Each structure stands twice: as structure tokens, then as C-alpha cells.
Amino acid sequence: MAAEQPPIAPGGSGTRNNDRTQDGGLPMPSRNPLPLSASQEAQVREVFNAQVRNLCADEIKAFADCARNRTFSIPFACRDASRRMNGCMLAHATPEEHDRAREQWFAQRQQRAREREQKERRKLEQEAFHREWWGLPQRDPEEVKRELEKLGRAERIGGVVRRPPSGTGTGGEEGEGKR
């Protein structure tokens, strides 16, 4: 009966898991249960796929070497190499590996934020130079100020803005919840 089966948890497999934790509840399907946006999940998938490809690099290279200069005969001539490559990828494409990729994505979050902020500041500097060089009117200072404030905002994860710890002097009360 479909009504008796628990819902499939994100990051878990489609099989029913009857293992219980020590306190009697269902096991946690992932160490990172925080929901991410679609683009953030796509970034996690990219990290996951790169890790799996790195683990199976030898098998992928063997299949690519076999398939080189072939067209119609690839499925027949390279069947063994294809099966080894697919077997390796299936063996390493586990929920645990996905959790590791998600943890790595969270660990690199601050680095990505710094890079994004540097890129945006550089863009504003280049735009100001371009306007000065060509004698174009300067942008509205309030608009520039709003863009700089936008750079200082925290990244949204799981639908909530992660605020810096209180006492940092950022004045966190103004503009709460705004994008």
C-alpha cells in the first residue's frame, strides 16, 4: 500500500529503509538536510559529478581510447570498456558521495562569496573608468551605494538569510528579509 510507505527523503535512495537510530526514529537521510535552491543544487551536482569522474578517470580514459575513430561499432567493440566505466561510476555514485559533495560545496561557500564580491567591485570600478574615459555622466551615487550594500548581504540558503553574529557593527536590523 502506498499510504504506508514513508516519503522518499531528498538525497536518499528510492528503497524503503527500516533501519532505526538509537532513539527509535528514522535515520537521517543526509548529513546536510538544509534545502537549497535549484541553482545551488545544480552546483552541488557539478561537484558530485566531478568527484565521480575523478574516481573513475582510468575507466573513462580506457573507454574514450577505445571509442576514438569509431562510429557505428562503438557499442560492439567497446562493450567491456563501457561496462567497466559504467560499473565504476555506479559504484561511486552513492548517497554518501553526494553528501561529501554537498559538504564540499558548503565548505567552499565563503570562497565563492569573496570571489563574487571581488568580481562585482571590479565591474563597478571598470564601469566608473569607462564613464570617465568617454565623458559619460556619472551614475547616481545612491544607486552605486545600493549596489555596494547588496554585495555585503549574506547568501540565501534554505530560504533564510544567514546573518553575521551580533556585535559585528553591520546594523543587521535594517532591510531584514529583503533580497
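Note that the structure is predicted; figures quoted are calculated from it, not measured. We count residues from 1, following the sequence as given.
- For the pair Asn86 and Phe63, the minimum side-chain heavy-atom distance is 4.5 Å or more.
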Could you go step by step and tell me if Thr94 and Glu97 meet the side-chain hydrogen bond (donor to acceptor under 3.5 Å, both in side chains) rule? CA-CA 5 Å; Thr94 61; Glu97 192 68 34; 5.0 Å; no

Decide yes or no on side-chain hydrogen bond (donor to acceptor under 3.5 Å, both in side chains) for Gln51 and Gln104, but give the supporting numbers first. CA-CA 10 Å; Gln51 287 178 348; Gln104 182 180 352; 2.3 Å; yes

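- Between the side chain of Glu117 and the main chain of Arg114, no donor-acceptor pair closer than 3.5 Å is present.
- Going from atom CD of Glu103 over to atom CD of Gln108 covers 12.5 Å, rounded to the nearest 0.5 Å.
- Side-chain N or O atoms of Arg131 include one that pairs as donor or acceptor with a backbone N or O of Pro137 at under 3.5 Å.
- With contacts defined as side-chain heavy-atom distances shorter than 4.5 Å, the pair Asp65/Lys61 qualifies.
- Exactly one of Glu46, Arg45, Gln43 qualifies for a side chain to side chain contact (heavy atoms under 4.5 Å, CB included) with Trp105. That residue is Gln43.
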Report the C-alpha separation of Phe106 and Leu36 in whole Å, then their side-chain angles, then the decisive distance to 0.1 Å, and conclude whether the side chain to side chain contact (heavy atoms under 4.5 Å, CB included) test is met. CA-CA 11 Å; Phe106 275 105; Leu36 300 176; 3.8 Å; yes

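- For the side chain to side chain contact (heavy atoms under 4.5 Å, CB included) with Arg100, the lone residue among Arg102, Glu96, His98 that qualifies is Glu96.
- Val52 and Val47 are assigned to two separate hydrophobic clusters, defined by single-linkage of ILVMFWY side chains at heavy-atom distances under 4.5 Å.
- His92 contributes atom NE2, which lies 5.5 Å from atom SG of Cys56 (distance to the nearest 0.5 angstrom).
- Residues His130 and Gln126 fail the side-chain proximity criterion, which asks for heavy atoms closer than 4.5 Å.
- A distance of 15.5 Å separates CZ of Arg83 from CD of Glu59, quoted to the nearest 0.5 Å.
- Here CD of Gln40 is found 8.0 Å from CZ of Arg112. Values are rounded to the nearest 0.5 Å.
- Note on Leu55: it does not cluster hydrophobically with Val44, by side-chain heavy-atom contacts below 4.5 Å among ILVMFWY residues.
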For residues 69-82, which side-chain donor-acceptor pairs fall under 3.5 Å, sequence neighbours excluded?
unit_1, atom_1, unit_2, atom_2, d
Arg70, NE, Cys66, O, 2.7

Could you please spell out the steps behind the side chain to side chain contact (heavy atoms under 4.5 Å, CB included) verdict for Arg139 and Glu147? CA-CA 11 Å; Arg139 287 178 58 189; Glu147 285 191 26; 2.3 Å; yes

Checking side chain to side chain contact (heavy atoms under 4.5 Å, CB included) for the pair Glu120/Lys150: CA distance, chi angles, key distance, verdict? CA-CA 10 Å; Glu120 289 296 321; Lys150 184 178 168 183; over 6 Å; no

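- Cluster annotation: Phe129 and Leu124 are assigned to distinct hydrophobic clusters (Ile/Leu/Val/Met/Phe/Trp/Tyr, side-chain heavy-atom contacts under 4.5 Å, transitive).
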